[in-house]
2 protein chains.
Amino acid sequence: MNALKVETEQKIINAAQEIFIEKGLQGARMQEIADRAGINKALLHYYFRSKEQLFDAIFQGTFQRIIPQFAQILRMKTKPEEMLQALLEFYNNFFMENPYMPQFFFHEIWQNPDRIAGIIKSQAMHPEELVATLKDKLPPLSDSAFFPQHMMANVMGMLLFPHIARPLFQRLFFNNDDQQYNLFLAERTEFLMNMLGGLMGGHSVDLSNAPDENF
Amino acid sequence: MNALKVETEQKIINAAQEIFIEKGLQGARMQEIADRAGINKALLHYYFRSKEQLFDAIFQGTFQRIIPQFAQILRMKTKPEEMLQALLEFYNNFFMENPYMPQFFFHEIWQNPDRIAGIIKSQAMHPEELVATLKDKLPPLSDSAFFPQHMMANVMGMLLFPHIARPLFQRLFFNNDDQQYNLFLAERTEFLMNMLGGLMGGHSVDLSNAPDENF
DNA sequence: GTCTATATGCAGATAGAC
DNA sequence: GTCTATCTGCATATAGAC
């Protein structure tokens, strides 16, 4: 029966998603995926010939849940503050609900960067366009040739760090208290907006006085 | 002969370091480590009884190369700008020379956070001390109870991101050009100092006008 | 489509000679 | 200490019955 087939496939996908994201391709066990899906190993191979293929399907799927959003925000023809707000809000919430995602992506970034780059470029999301948009919309706070890249690295770094470093950061600075940490994460969008809002408006931080002091 | 033994052990450690850092505990193969060290598998087990033990030795070693530095900088009783400068400079350079390190650490952060937390705390580096120092030295830019944690996350995120996301970031925004990317990384300390210097001095960014605008 | 049973291969670990 | 040869176990994958 076709409905049953679809249902089973979905159970597999859900289970595999969890396991792969927690343990990565290498760490995941087909047995564990089968168990969590409530079926047996043989059936896994019936639906997805190999572990690799299963992984590919999962990976592509999860990735496509977050990239289009990025492209869409990028094309919002509004003020940079609003783009930033939308960006921070969406991804911060997404990572709060999917805490394993960031480490999952970074793992893949190192294992197979070409695959990810390929997926991104196939999503109507073009890096040059992004750089150009930033150069155009941001006040010229620095004359570095890499100014847009720096700003991207800043935003993404500040956004991602509390999520990707969570297990350690929470232990060290929050008494390993889940609730406290969630509060911290929840208020982070606002905190970052406060910090960055000024920058994007083009006032506030003076970047022209280079610190050539003994360095 | 003892000198020979030490030499072999060092070869193993060097090889294992590279492999583990690139592939993680799961992804690494004892065969590959043996090959790169120029010996055979049996000898690996002679020196380190199991893969786990070998990994532990490597991990502890690399970790202790970068934590003490942090504690030391933290205790420099100087202006926050100078602490920040020392911090950025040291770790940015370290990660430029050891590009696989960040991902290696994050991998472990998710696999075994307690181990890392333990090592850190055993290094005369106490989280509460750090938080207190920051609260004391930083101008009160925000009244969030987590203000020090936010600032740490900011600095660490901005510092780490270009390293940990390198394979993808370089492909997307630097035509996958190693030289260009190294230039980018090299100028990053200065860029960040320019951006953050103002904040630490206590002027520039107004964080008091919360953006309660339709949000 | 789903199962049980089995094959295949590989990686970690050991035995034992030198 | 260092090697070759071998064992053991486990994980992926397949065969074949229902």
Side-chain angles (χ1 to χ4, degrees), chain A residues 1-62 100 104 107-108 110-112 115, chain B residues 1-62 100 104 107-108 110-112 115:
Chain A
M1 197 185 289
N2 204 6
L4 260 190
K5 176 172 180 178
V6 171
E7 202 178 296
T8 301
E9 186 166 340
Q10 198 54 48
K11 282 194 295 183
I12 293 178
I13 288 178
N14 291 340
Q17 195 149 285
E18 293 177 23
I19 306 279
F20 277 134
I21 286 176
E22 284 176 36
K23 318 223 165 155
L25 173 59
Q26 312 270 358
R29 296 292 101 122
M30 294 295 265
Q31 183 64 59
E32 199 179 351
I33 295 175
D35 289 348
R36 190 165 311 189
I39 58 167
N40 60 29
K41 280 191 297 178
L43 207 50
L44 277 186
H45 287 89
Y46 174 79
Y47 279 88
F48 303 86
R49 287 200 68 73
S50 71
K51 187 183 182 183
E52 286 271 351
Q53 281 187 37
L54 175 55
F55 183 81
D56 277 354
I58 300 299
F59 186 72
Q60 196 122 350
T62 61
Y100 288 100
F104 177 63
H107 185 79
E108 284 315 299
W110 285 89
Q111 295 307 313
N112 205 338
R115 165 158 56 185
Chain B
M1 197 184 289
N2 203 5
L4 259 189
K5 176 172 178 177
V6 171
E7 202 178 296
T8 300
E9 187 166 338
Q10 198 54 49
K11 281 195 296 185
I12 293 177
I13 288 177
N14 291 340
Q17 193 149 286
E18 294 177 23
I19 306 279
F20 276 134
I21 287 175
E22 285 176 35
K23 319 222 164 154
L25 173 59
Q26 312 269 358
R29 295 294 102 119
M30 293 296 264
Q31 184 63 59
E32 199 179 352
I33 294 175
D35 288 348
R36 190 166 309 189
I39 58 169
N40 61 31
K41 276 192 299 179
L43 207 51
L44 276 186
H45 287 89
Y46 175 79
Y47 279 88
F48 303 85
R49 288 199 68 76
S50 71
K51 188 184 182 183
E52 286 270 351
Q53 282 188 36
L54 175 56
F55 183 82
D56 276 353
I58 301 300
F59 185 72
Q60 194 123 349
T62 60
Y100 288 100
F104 177 62
H107 184 78
E108 284 314 300
W110 285 88
Q111 295 307 313
N112 204 339
R115 166 158 55 184

After noting the C-alpha distance and the side-chain angles of B:Gln31 and B:Asp35, does the key distance pass the side-chain hydrogen bond (donor to acceptor under 3.5 Å, both in side chains) rule? CA-CA 6 Å; B:Gln31 184 63 59; B:Asp35 288 348; 3.0 Å; yes
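Atom C1' of nucleotide C:dG1 and atom CD of A:Gln10 are separated by 17 Å, given to the nearest angstrom. The distance between atom NZ of B:Lys51 and atom P of C:dC10, rounded to the nearest whole Å, is 16 Å. Following rounding to the nearest Å, A:Phe48 (CZ) and C:dG1 (C1') show an atom-to-atom distance of 14 Å. Counting to the nearest Å, the C1' atom of D:dT12 and the CZ atom of A:Phe55 are 16 Å from each other. A:Gln53 places its CD atom 10 Å from the P atom of D:dT14, with the value rounded to the nearest Å.
When all heavy atoms are compared, the tightest approach of B:Ile21 to B:Phe104 is CA-CD1, 3.8 Å. Between A:Lys51 and A:Ala28, the shortest heavy-atom contact is NZ-O, 2.9 Å. The heavy-atom pair separating B:Ile33 from B:Ala15 by the smallest distance is O-CB, 3.7 Å. Pairing each heavy atom of A:Lys41 with each of A:Ala34, the nearest pair is N-CB, 3.7 Å.
Salt bridge B:Arg115/B:Glu52: absent, no basic N to carboxylate O contact under 4.0 Å.
Interatomic distance, OG1 of B:Thr62 versus CD1 of B:Ile13, reported as 11.0 Å (0.5 Å rounding).
Taken residue by residue, residues 27-35 of chain B places heavy atoms nearer than 4.0 Å to DNA chain C at B:Ala28, B:Arg29, B:Met30.
Under 4.0 angstrom from either OP1 or OP2 of C:dA13 there lies at least one side-chain N or O belonging to B:His45.
Between A:Phe48 and A:Met30, the closest side-chain pair of non-hydrogen atoms is not below 4.5 Å.
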Scan nucleotides 2-4 of chain C against the protein and return all N/O pairs shorter than 3.5 Å with their distances rounded to 0.1 Å.
residue	atom	partner	partner atom	Å
C:dT2	OP1	A:Thr8	OG1	3.0
C:dT2	OP2	A:Thr8	OG1	3.3
C:dT2	OP2	A:Tyr47	OH	2.6
C:dC3	O5'	A:Asn40	ND2	3.1

